[in-house]
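Reviewing the structure listed below.
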Amino acid sequence: MLQVAYIRENKETVLKGLAKRNLKNADELVEKTITADEERRSIQTQLDSILAESNKISKDIGQLFKSGERQKAEILKQKTVQLKEQSKILTENLQNKANELQELLYLIPNIPNEIVPAGSSEEDNLTVFEEGKVPVLYQGALPHWELAKKYDIIDFELGNKITGAGFPVYKGKGAKLQRALINYFLDKNSEAGYNEVQVPHLVNEASGIGTGQLPDKEGQMYHDAQDNLYLIPTAEVPVTNIFRDVILKEDEFPILKTAYTPCFRREAGSYGAHVRGLNRLHQFDKVEIVRVEHPTKSYEALDSMVNHVKEILRELNLPYRILRLCGGDIGFTSALTYDFEVFSTAQDRWLEISSVSNFETFQANRLKLRFKNSDGKTELAHTLNGSSLALPRVMAGLLENCQTPEGIKIPEILVKYCGFEIIN
């Protein structure tokens, strides 16, 4: 979340940034936040004054008892009782106002970087890079869901029987290709300096709040009400929360982590042709990269992450493009996001396969993720994350773009991982 001091001191900048996001109630939300902060600080001042007066009286009472002036001491003791009652009421009011302020801050999204284009939807995203040749497929080429059935490698009907729509079963060479992709992504990330971790697939509420999934995306998350735990929508959540309530040393930067996890998203209301097959799932595999950076280095790190994902897609020989998301499409927590999309030849459309984002201090402020700078002062770190990569649409792109009349040819980089060159 944004720091309340920043909102108070940079009101016009905040409103300008929120306008780029098309946040309709921005003025009201910012005013309520500033007012709640003023009221909180006023209550804190009153409380501090009463506590200071109470401490002074306590010392005076001690001196009066020592000097034998018991009657005056007893009068002052009555005064301390009144002050304690006032301080109790103010402490309760302070906590209530602090909670109110916190809830307001949770509603305010991050301020977009100045290079984020204006816009209201994905139609206004800016294409900044495109690479790879779209293959010309043979007559009768199929979309991936029909290829999956033809070669018996992914069974959507069986997944629907076991669980429901959006939970496919990978079979035979389909399962092996899925595992090959995961291992390849992890190896590639490790070679680039990312330290692999295995993390829980369930997180507590504090973790969801820490990375910004809660309360913003609560409706998209699977929730176990009995234990108040959430199935993760991405490895970003548990990996980044490794550093919740941590104060780092400046020489610990940069911190690079990678993790493979299944991911779970309710995707309520998803339907239609664009969610067929692997296009939109409730459970899917993903390999994530996460970085914790010094504030002066985070945009250099973002460029490095973008180039890293580029290299993976080149090795997979998939045609792709990179979009800089506009203010109306950028995520709640992000200051700047680049989306990678692979071209699905059989569907004749672009499929998002990765988002790489810099959150600046937005997550770190929620997480209380800080570091000691060279002057010994405490600062908020910057956090970043990216998909490297999300499996379903990579798999869809591979099946469709690599299909031939003889079968689906496996990209050379993956052959050593899956042990075969063709699915036929």
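Any value given below was found using the heavy atoms of this structure, including those in side chains, with hydrogens, waters and symmetry copies removed. In this text, all values refer to a predicted model and were calculated from it rather than measured experimentally.
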Do the charged groups of E288 and K286 touch, with an N to O distance under 4.0 Å?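 Result for this pair is yes, salt bridge flagged.
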
Check ion pair E100-K97 (N to O, under 4.0 angstrom):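 The answer is yes: the pair qualifies as a salt bridge.
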
Can a side-chain donor-acceptor contact be found between [Y] and [X] if the only test is distance below 3.5 angstrom?
X	Y	value
E352	S355	yes
S207	N204	yes
E103	N99	no

Yes or no on side-chain hydrogen bond (donor to acceptor under 3.5 Å, both in side chains) for E293 and H382, after CA distance, side-chain angles and deciding distance? CA-CA 5 Å; E293 292 280 349; H382 280 197; over 6 Å; no

Neighbour count above 12 (heavy atom, 6.0 Å) for [X] [atom1]:
X	atom1	answer
E421	CD	no
E196	CD	yes
K217	NZ	yes
Q82	CD	yes
K32	NZ	no
Q198	CD	no
E412	CD	no

Is D37 reaching over with its side chain to a backbone N or O of T33, donor-acceptor style, under 3.5 angstrom?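 No: the side chain of D37 does not pair with the backbone of T33.
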
Side chain R393, main chain N279, donor-acceptor under 3.5 Å: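 Judged by distance alone, yes, a pair lies under 3.5 Å.
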
Over 60° means perpendicular and under 30° means parallel, so classify the ring planes of Y194 and H308, tilted if in between.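 Because their plane-to-plane angle lies in the 30° to 60° range, the rings of H308 and Y194 count as tilted.
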
Could you check whether K173 makes a cation-pi contact with F420, meaning its NZ or CZ is under 6.0 Å from the centre of the six-membered ring and within 45° of the ring axis?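 Yes, cation above the ring, under 6.0 Å and within 45°.
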
Pairs in or reaching into residues 11-22: which pass side-chain hydrogen bond (donor to acceptor under 3.5 Å, both in side chains), with residues at least two apart or in two chains?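 For residues 11-22, and leaving out neighbouring residues, the side-chain hydrogen bond (donor to acceptor under 3.5 Å, both in side chains) pairs sorted by first residue read K11-E31.
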
T234 and V239: CA distance, side-chain angles, deciding distance, side-chain contact (heavy atoms from CB on, under 4.5 Å) verdict: CA-CA 9 Å; T234 165; V239 174; over 6 Å; no

List the steps, then state whether side-chain contact (heavy atoms from CB on, under 4.5 Å) holds for V246 with V292. CA-CA 12 Å; V246 169; V292 181; over 6 Å; no

Of N93, L94, N96, which is the lone residue that meets side-chain contact (heavy atoms from CB on, under 4.5 Å) with R40?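 Considering N93, L94, N96, a side-chain contact (heavy atoms from CB on, under 4.5 Å) with R40 is found only for L94.
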
